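Data first, discussion second: the structure below is written as structure tokens.
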Amino acid sequence: MSDTITLFGATLPDGRTRDVVLRNGRIGVLREPGRPYSRAGSGLDLTGYLLLPAPAEPHVHLDRALTWEPVGSDPDGRDGAWRSWQVRPARYRPGDLRRRSREVLRTLVVRGVTAVRTHLDIGEGRTPLRSVEVMAELRAEFHRLLDLQIVAVPTPGTSDRTIVDAVGAGARVIGGRPRFAPDCRQEIRRLLRLADRVEVGLDLHLDDGFDPRLLVVGDLARLLRASGFDRPVTASHLAGLNRLSPSALGRVGETIAASGMRVVALPSERGCGLPIRELVAAGVTVAAGGDHLRDAGHPMGLADPLATAAATGLAPARAWAAVAGHARGVLGVEAGGLEPGARADLFAVRAHSLPEALRTRPQDRVAIRAGRVVAGSTRLARLAGTARPGRTGRAVPEAA
């Protein structure tokens, strides 16, 4: 297969139309569209398509995805989704976990995502690391289509040993829900110490409760600056920030920004959940992810970067940055770009502009990872040199 592919007639975010030459997984040349060309070579006719840096999914729960029907949700009380999962846990066999996760990953690839971070619960039952082991297998299976990153999220009472073993089993980040621990702040310190011990990053669900006396993201930011912890730290949810006055929110935002911590917003059709505009104004790097997907937390959920970006409420360019460059930064994955030398992780969608794409969310899309088309519509997949099966024999997924 040729290491060079040309994307003919693509529309760039600034409105220009260019032929984009990809070489060895990177952007080679952007040139003025030439005369009518032959489709016999390795190329895609992207006339009428908007070309963007590829998105990532920085926060999803694959172990819980697609479990709404068997698990449901207890709507009584503010922690209904979590209590539903605790009271009626889905004791799925590895085969079922693998099937559901594979379905979601394929959906994400078809919708343009080339990097995913999944949070997985560990520490329950006789096989506390089962979900990590299954996901590590899927990471190898999908390695040609996307980067899959595993976050081990200890349930209350999980031992230090189990958390360390999860990293050995394939997790690359330690997560957690400190508010369920007897001492929230002490749990944060424990997880930080373990992350330092095994030399991985930290990604925590913070301030997602409803106790107005407890707000810990500022504590974590100050602790990071004082401790000198030099690995990536991410915080998600942060709905508790909505309780702060504008002046207090500004101060906390500045503290978060100074610590280098990244924040992941989890917008949905029901609202954004955290004051994203105020955090951005304070200098915080904010990414956006989908979180729940047909599970106890949300019977629908977002598995579409266009929908997630639109739900942030930000201006189009900033909204796309939240699901693209900033989201990939959370994962530590090189961002795609549209300038010579940039990694050729790209997303093409049938639209004339980014505002149109966010508004209409077309399903006619192309996902390109490291200069290879990994998903696209049937019409595009038929073009030469773009959709040959990989070594596994699996064909490139087709867009809906």
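Please read all numbers here as calculations on a predicted model, not as lab measurements.
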Would you say that H59 contacts V330 through its side chain, given a criterion of any heavy-atom pair below 4.5 Å between the two side chains? no
Closer than 3.5 angstrom, by distance alone: can the side chain of R31 be matched with the main-chain N or O of D19 as a donor-acceptor pair? no
Starting from the C-alpha separation in whole Å, work towards a yes-or-no answer on salt bridge (Lys or Arg N to Asp or Glu O under 4.0 Å) for D304 and R361. CA-CA 9 Å; D304 183 348; R361 305 171 199 170; 5.9 Å; no
Verdict with supporting geometry, R190 and D183, salt bridge (Lys or Arg N to Asp or Glu O under 4.0 Å): CA-CA 11 Å; R190 177 177 83 114; D183 187 326; over 6 Å; no
Heavy atoms, side chains only, cut-off 4.5 Å: are D45 and L7 in contact? no
Under 4.0 Å between a Lys/Arg side-chain N and an Asp/Glu carboxylate O for D207 and R179? no
Crowding at CZ, R26 (>12 non-hydrogen neighbours, <6.0 Å): yes
Any salt bridge between R193 and D196, counting N to O under 4.0 Å? no
Is D63 salt-bridged to R130, going by a charged N under 4.0 Å from an acidic O? no
Looking at D3 and R23, does any basic side-chain N land under 4.0 Å from a carboxylate oxygen? no
What heavy-atom pair brings L358 and A309 nearest, and what distance separates the two atoms? CD2-CB, 3.8 Å
To the nearest 0.5 Å, what is the distance between CH2 (W320) and OG1 (T312)? 11.0 Å
Side-chain ion pair, E199 and R231, N-O less than 4.0 Å: no
Within 6.0 angstrom of R318 CZ, more than 12 heavy atoms from elsewhere: no
Is the backbone N or O of G313 less than 3.5 Å from a side-chain atom of R277, with the two atoms forming a donor-acceptor pair by type? yes
For D147, is there an ion pair with R369 - N to carboxylate O distance below 4.0 angstrom? yes
Any donor-acceptor N/O pair, E57 side chain to G290 backbone, under 3.5 Å: yes
Does the pair V173 and L202 meet the rule for a side chain to side chain contact (heavy atoms under 4.5 Å, CB included), with working shown? CA-CA 6 Å; V173 182; L202 197 64; 5.5 Å; no
Cationic tip of R144 above F142 ring, under 6.0 Å, 45° of axis: no
Identify whether the distance between the nearest side-chain nitrogen and carboxylate oxygen of E334 and R328 falls below 4.0 Å. no
Sub-3.5 Å donor-acceptor pair from the side chain of T155 to the main-chain atoms of I122, do we have one? yes
Are the side chain of R372 and the backbone N or O of G25 linked by a donor-acceptor pair below 3.5 Å? no
With distance as the sole test, does E254 use its side chain to make a donor-acceptor pair with the main-chain N or O of A282 at under 3.5 Å? no
Determine whether a donor-acceptor pair (N or O, by modelled atom type, separation under 3.5 Å) exists between the side chain of T162 and the backbone of T158. no
Using a 4.5 Å cut-off on heavy atoms from C-beta on, say whether the side chain of R100 contacts that of V104. no
Any side-chain heavy-atom pair of L279 and L241 under 4.5 Å: yes
Would L50 end up clustered with F8 when hydrophobic side chains under 4.5 Å apart are linked, directly or stepwise? no
For the residue pair V374 and V109, establish whether any side-chain heavy-atom pair is separated by less than 4.5 Å. yes
Check I5 against G371 and note the closest heavy-atom contact, atom names and distance. CG2-O, 3.6 Å
R225 atom CZ, over 12 foreign heavy atoms within 6.0 Å: no
Is there side-chain contact between L206 and H237, with at least one heavy-atom pair below 4.5 Å? no
Quick one: are L223 and L192 in side-chain contact, heavy atoms under 4.5 Å? yes
Should the pair E141-R102 be classified as a salt bridge under the 4.0 Å nitrogen-to-oxygen rule? yes
First locate atom CD1 of I276, then atom CG of L266, and finally report the distance between them rounded to the nearest 0.5 Å. 10.0 Å
Please tell me if the side chains of P275 and L249 come closer than 4.5 Å, counting only heavy atoms from C-beta onward. yes
Could you walk me through whether Q149 and T118 pass the side chain to side chain contact (heavy atoms under 4.5 Å, CB included) check? CA-CA 6 Å; Q149 194 171 96; T118 179; over 6 Å; no
So which heavy atom on G289 is nearest to which on P267, and how close? O-CD, 3.6 Å
Which atom names give the shortest non-hydrogen contact between L105 and L62, and what distance separates them? CD2-CD1, 3.9 Å
Going by an N to O cut-off under 4.0 Å, is there a salt bridge joining R197 and D160? no
